[in-house]
Amino acid sequence: MTSKRQPLHEWTVDPDTAIALQKSLAPRVVRHDEIGDVEHIAGVDIGFEEGGETTRAVVVIMRWPSLEIVERVLHRKPTQMPYIPGLLSFRELPAALEAFEQLSVMPDLLMVDGMGIAHPRRLGIAAHLGLWLDLPAIGVGKSRLCGQHDEVPDSRGHWVALTHRNETIGGVLRTRERVKPLYISTGHRVSLETSIDWVMQCLTRYKLPEPTRQADRIASRRTAETRRPEESAAPEQNTLSF
DNA sequence: GCGACAG
DNA sequence: ATCTTGTCGC
């Protein structure tokens, strides 16, 4: 029997409703390790086109530990909510969720561009996505949303705690010397320490871990792959698997 | 009331 | 996030 998972909640574009949802969902986020064998890791990132009118979600699936790309999905969807600090997931997840529906392989771990629980109400985009898909997830942010931290030693692999309201919500990790550190945090079913470990394991020669870096390249850059299909050929095609 | 503010 | 060329430095 195929049972279709019921969605966590109805979507909304109302700020107050979104905040209320975050408060009720945050307690359900699992902050300890509840992760099995990892065969595939997904990198998730969102980009925008036409001045923000269109949201472009990209999911890259990599095999572990080879880190070879085994699948990529690019999905476009009309943007229906503005960017509001703290409500990022409500703007970017709709497109991402539809991208996941296109996958032929479900990953065992997610690495999302943005915060996990390092969020004012402890439900950043990585936590929200992990909770929705019920998959282990790690938040990989490039800048700070909230919380305070000491200066990070300029040595690859070193990190300091990110604290907010008397609680450690993440870690600020130096993934490359002389380069701005990354803000790592639990998304779902992965502890902070394990999250940092996975990020380090996925580093090559760049600032970002491979899953996020690959997704980022495709989502942000307007290259040959990012090219929209010919309007005359297939006007309705907004999804590309390659 | 005054800043701060993921992508 | 996005608009954008070249340029300085490890």
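Letters A, B, ... are given to chains in the order of the sequence lines, protein chains preceding strands, and every chain is numbered from 1.
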Summarise protein proximity over nucleotides 1-7 of chain B in one line of letters, 5' to 3': B for base, S for sugar-phosphate only, - for none, counting protein heavy atoms closer than 4.0 Å. ---SBBB
Classify every nucleotide of nucleotides 5-10 of chain C by which part a protein heavy atom approaches to under 4.0 Å, writing B for the base, S for the sugar-phosphate alone and - for neither, in 5'-to-3' order. -----S
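Residue pairs meeting the salt bridge (Lys or Arg N to Asp or Glu O under 4.0 Å) criterion with at least one partner in residues 102-121 of chain A, sequence neighbours excluded, are Asp113(A)-Lys142(A).
Just one of Asp134(A), Ile35(A), Val29(A), Asp33(A) meets the side-chain contact (heavy atoms from CB on, under 4.5 Å) condition when paired with Arg189(A); it is Asp134(A).
A donor atom on one side chain and an acceptor atom on the other are found under 3.5 Å apart for Glu71(A) and Ser104(A).
In this structure, CD of Glu50(A) is placed 11 Å from P of dC3(C), rounded to the nearest angstrom. When rounded to the nearest whole Å, the span between CD of Glu53(A) and P of dT2(C) equals 14 Å.
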Check against side-chain hydrogen bond (donor to acceptor under 3.5 Å, both in side chains), Thr204(A) and Glu210(A): CA-CA 7 Å; Thr204(A) 56; Glu210(A) 283 307 290; 3.1 Å; yes
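Contact check for Ser89(A) versus Leu123(A): no side-chain heavy atoms found under the 4.5 Å cut-off. The side-chain heavy atoms of His128(A) and Leu93(A), taken from C-beta on, include a pair separated by under 4.5 Å.
Enclosure of atom CD in Glu39(A) is not indicated, since only 12 or fewer non-hydrogen atoms of other residues, nucleotides or ligands lie within 6.0 angstrom.
Smallest separation of non-hydrogen atoms from Leu173(A) and Gly157(A): CD1-O, 3.6 Å.
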